[in-house]
2 protein chains.
Amino acid sequence: MPSPRRPHAVTITDVAREAGVAASTVSRALTNPDRVNVVTREHVQQVAARLGYRASPAARALGTGRTATLALVLPDITNPYFSGLIRGAERQAEATGHILVIGDSEENARAEARMVERLAPGVDGFLLGSSRLPDARILQFDAAMPVVLVNRRVPTVTSVSPDQQGGTRQIVEHLVALGHRRAIFLAGPPESWLGRQRWAGISSAAKKHGLKVRRLGPYHPSVEGGLLAGEAALADGATAVIAHNDLMAIGALKRMKARGVSVPADVSIVGFDDIFGADFCDPPLTTLSDRTEQAGRSAVDLLVALVREQSRLDHDAPADIVAPTQLVVRGSTGPAPTAPPPDPKEGDPS
Amino acid sequence: MPSPRRPHAVTITDVAREAGVAASTVSRALTNPDRVNVVTREHVQQVAARLGYRASPAARALGTGRTATLALVLPDITNPYFSGLIRGAERQAEATGHILVIGDSEENARAEARMVERLAPGVDGFLLGSSRLPDARILQFDAAMPVVLVNRRVPTVTSVSPDQQGGTRQIVEHLVALGHRRAIFLAGPPESWLGRQRWAGISSAAKKHGLKVRRLGPYHPSVEGGLLAGEAALADGATAVIAHNDLMAIGALKRMKARGVSVPADVSIVGFDDIFGADFCDPPLTTLSDRTEQAGRSAVDLLVALVREQSRLDHDAPADIVAPTQLVVRGSTGPAPTAPPPDPKEGDPS
DNA sequence: TTGAAAGCGGTACCAA
DNA sequence: TTGGTACCGCTTTCAA
């Protein structure tokens, strides 16, 4: 009667027996090829290949303390903005011989912390994308294990983030050049560092250019949140709306359309992220673009370096990559109307 | 001089010492609580909690042969169609105490097979989404380990797939009701089982309703592929276009617009999947919708059951869930024009 | 350059 | 109900 245990297919011992050498020699031949005689090495490698030997990651991890696994935790896996990040991270993880596990925190700091703690024993390090955690918690995690932040900066923690200062300046200058004098910023979650950067950058650039900007929110950073936010923006009467992200911008756009407000004739709308769909919504969205796939790759490289450093003892100064951003001007922004936008029509806001 | 090895934080032995019991008792108290005296159990659990004990997944996996990890392999992580699947799978994996690792095969059967082989030693089973592998290879994998297919059916292999027969019938009836007599099907990759089902369903329903359908392709199942496909469709002169998926449908839509062909006045377009963006492109897309998040959840449940069965010895008959689909009618379909569509304008097809 | 043996942190069996 | 112990598969000393 067979045991319920699923045995690891071909073990190092099988290879050793078949090759007529000790298990330790097989181990060396496969992972430290230069510490083994050429003839032995090739013989062992051949036997291993013939038997279809695959090392057991669990056994290796138990021995070395390394799992060759990286975790990527995000607030919302389904936000298309993160697709590029996921793909970039996955590709680079594969390229560096790592496995990528993924976690969704559902925009929730508690859930994010739980996720990190749950995953921690099984991974070598964390990629925290758009983390909703407070700085203190991040510093705590960073002290305990390798962490790379994406879309967030915390002093002393390695990170990759898009240049929001330059980006928001581009947005403000674009709107000012079109003659806008008053704008609305539709805020996302207060826990969003990127959101806070965006508001700070916009406020400061706006002051410099004499643009008045009011902030509304917070709203959920989704199309649904944008629907609500769009309603509020209409009530305010500004001629330009800057949304926390494209999801919200698209929601606002929908609401404007439902209300009979013309974009960009009556109101201009700007988003952030240049997500899938931003170029084919109606009108196409003017938005601040960044290279998320590249960010994912860089972040993995940094994380892998951190994991390596951890085992040596020379720690480099933490890296902070600030990636360039670019304003993509499309149809949702236009010259400011000379008269204030019309009152929204009565009717079901769907 | 400290060793380069990162030691597992708090081990079962630490807890045992602190609690004044044997390691095996700690193990039981934590994983088989009913096989331990209430007092001992609670004492141990308390000590474990106080010390912040977390079991080492590697050690557990080595002992039990179970990793509590599931793999999800997809042809294209960035296709928004898969977002729901990823989220559903991730949530249900978490709910059942599993970790989800993710792999992208980039629409490539070889890469998919490599990915499965690479991941296999570290996971308990596979979720293969829209697999591009030949049946034989899938059967081979299925014989070696627990596998659940999503968006694919292969005899004897457990699967979850959307009802394409009913779905394609809905599409054809919709077009026929609008007066269309000739349609084009823009095919995706020949490796796509879903694509083959779609073509089969459409052909058969079309025959029944006297609709003539020609198939063009294959095309890459992306917006870029749709751009090309749209061009070819224009040359054909049919009044309705059914695209392999929404990505292609959106590409075709873009091309029509660039060519000055009006949708749906001149040509109607139908897609599959109802992805993010299908409701706000211009015009919004008529498309066949399925519940991907639910599919992800069901698939994980089935996989977890398979993993459990594997260690018992009673294998149930493989389950085949066929999930309902629903045609969402939006602005991209309309009455067939009485005259054939105008010749496309000359000009740069961008 | 190679082999033998001692862990790594759990689980599970066998006795007590 | 508990403790002792033999693994699980691989890496890594330490000797030979």
Side-chain angles (χ1 to χ4, degrees), chain A residues 1-45 47-48 51-68 120-122 124 311, chain B residues 1-45 48 51-69 120-122 124 311:
Chain A
M1 171 166 164
S3 131
R5 219 184 140 279
R6 181 182 64 149
H8 188 73
V10 180
T11 76
I12 210 171
T13 319
D14 299 327
V15 178
R17 189 182 334 102
E18 184 74 11
V21 298
S24 48
T25 301
V26 176
S27 174
R28 272 180 235 119
L30 264 24
T31 58
N32 275 48
D34 21 300
R35 300 180 49 76
V36 132
N37 181 295
V38 205
V39 192
T40 329
R41 182 204 312 163
E42 290 185 346
H43 174 57
V44 169
Q45 290 175 342
V47 172
L51 264 44
Y53 168 78
R54 319 282 310 180
S56 152
R60 181 169 288 168
L62 188 54
T64 60
R66 303 253 91 85
T67 58
D124 289 345
S311 54
Chain B
M1 172 165 163
S3 129
R5 216 185 142 280
R6 182 183 64 148
H8 188 74
V10 180
T11 76
I12 210 169
T13 320
D14 299 326
V15 178
R17 190 181 334 100
E18 184 74 12
V21 297
S24 49
T25 302
V26 176
S27 175
R28 269 179 242 123
L30 265 23
T31 60
N32 274 46
D34 21 300
R35 300 180 48 77
V36 141
N37 180 295
V38 205
V39 193
T40 329
R41 181 205 314 163
E42 290 186 346
H43 174 56
V44 169
Q45 289 175 342
L51 265 45
Y53 168 78
R54 318 282 310 180
S56 153
R60 182 169 288 167
L62 187 54
T64 60
R66 302 252 93 83
T67 59
T69 301
D124 289 345
S311 56

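So you know, we letter chains A, B, ... as the sequences are listed, proteins then strands, and number each from 1.
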B:Y53 side-chain proximity, nearest of C:dG10, D:dC8, D:dC10: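 Per side-chain heavy atoms of B:Y53, the pick is C:dG10.
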Nearest-nucleotide pick for B:A59, side chain only, options being D:dG9, D:dT1, C:dG10: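 Output: C:dG10.
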Using side chain to side chain contact (heavy atoms under 4.5 Å, CB included) as the criterion, list what pairs up with [X], not counting sequence neighbours.
X: A:T40; answer: A:V21, A:T25, A:V36, A:N37, A:V44
X: A:V38; answer: A:R41, A:E42
X: B:T31; answer: B:S27, B:R60

Angle between terminal axes - the helix from C:dT1-D:dA16 to C:dA16-D:dT1, 5 pairs each end, rounded to 10°: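 Inter-axis angle at the ends, rounded: 40°.
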Contact under 4.0 Å: B:T40 side-chain N or O vs D:dT2 OP1/OP2: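 Yes, such a contact exists.
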Rounded distance in Å - [atom1] ([X]) to [atom2] ([N]):
X: A:R35; N: D:dT13; atom1: CZ; atom2: P; value: 9 Å
X: A:R60; N: D:dG9; atom1: CZ; atom2: C1'; value: 10 Å
X: A:N32; N: C:dT1; atom1: CG; atom2: C1'; value: 13 Å
X: B:I12; N: D:dG4; atom1: CD1; atom2: C1'; value: 14 Å
X: B:H43; N: D:dT1; atom1: NE2; atom2: P; value: 18 Å
X: A:R66; N: D:dT12; atom1: CZ; atom2: C1'; value: 15 Å
X: A:D14; N: D:dG9; atom1: CG; atom2: P; value: 8 Å

Neighbours of DNA chain D within residues 16-30 of chain A, by heavy-atom distance under 4.0 Å: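 Heavy-atom cutoff 4.0 Å gives A:S24, A:S27, A:R28.
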State, to 0.1 Å, how close [X] and [Y] come at their nearest heavy-atom pair, and which atoms those are.
X: B:Q45; Y: B:A29; answer: NE2-O, 3.3 Å
X: A:A59; Y: B:L62; answer: CB-CD1, 3.7 Å
X: B:A61; Y: A:A58; answer: CB-CB, 3.7 Å

Any side-chain heavy-atom pair of B:L30 and B:Y53 under 4.5 Å: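 Touching, per the 4.5 Å side-chain cut-off.
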Touch class at under 4.0 angstrom, heavy-atom based, for B:T13 against every strand present: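 Counting heavy atoms under 4.0 Å across all strands, no contact is made by B:T13.
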Pairing residues for B:R17 by the salt bridge (Lys or Arg N to Asp or Glu O under 4.0 Å) criterion, not counting sequence neighbours: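 So B:R17 forms a salt bridge (Lys or Arg N to Asp or Glu O under 4.0 Å) with B:D14.
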Residue pairs passing the salt bridge (Lys or Arg N to Asp or Glu O under 4.0 Å) test where at least one lies in residues 18-27 of chain B, sequence neighbours excluded: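 Listed by first then second residue: B:E18-B:R50.
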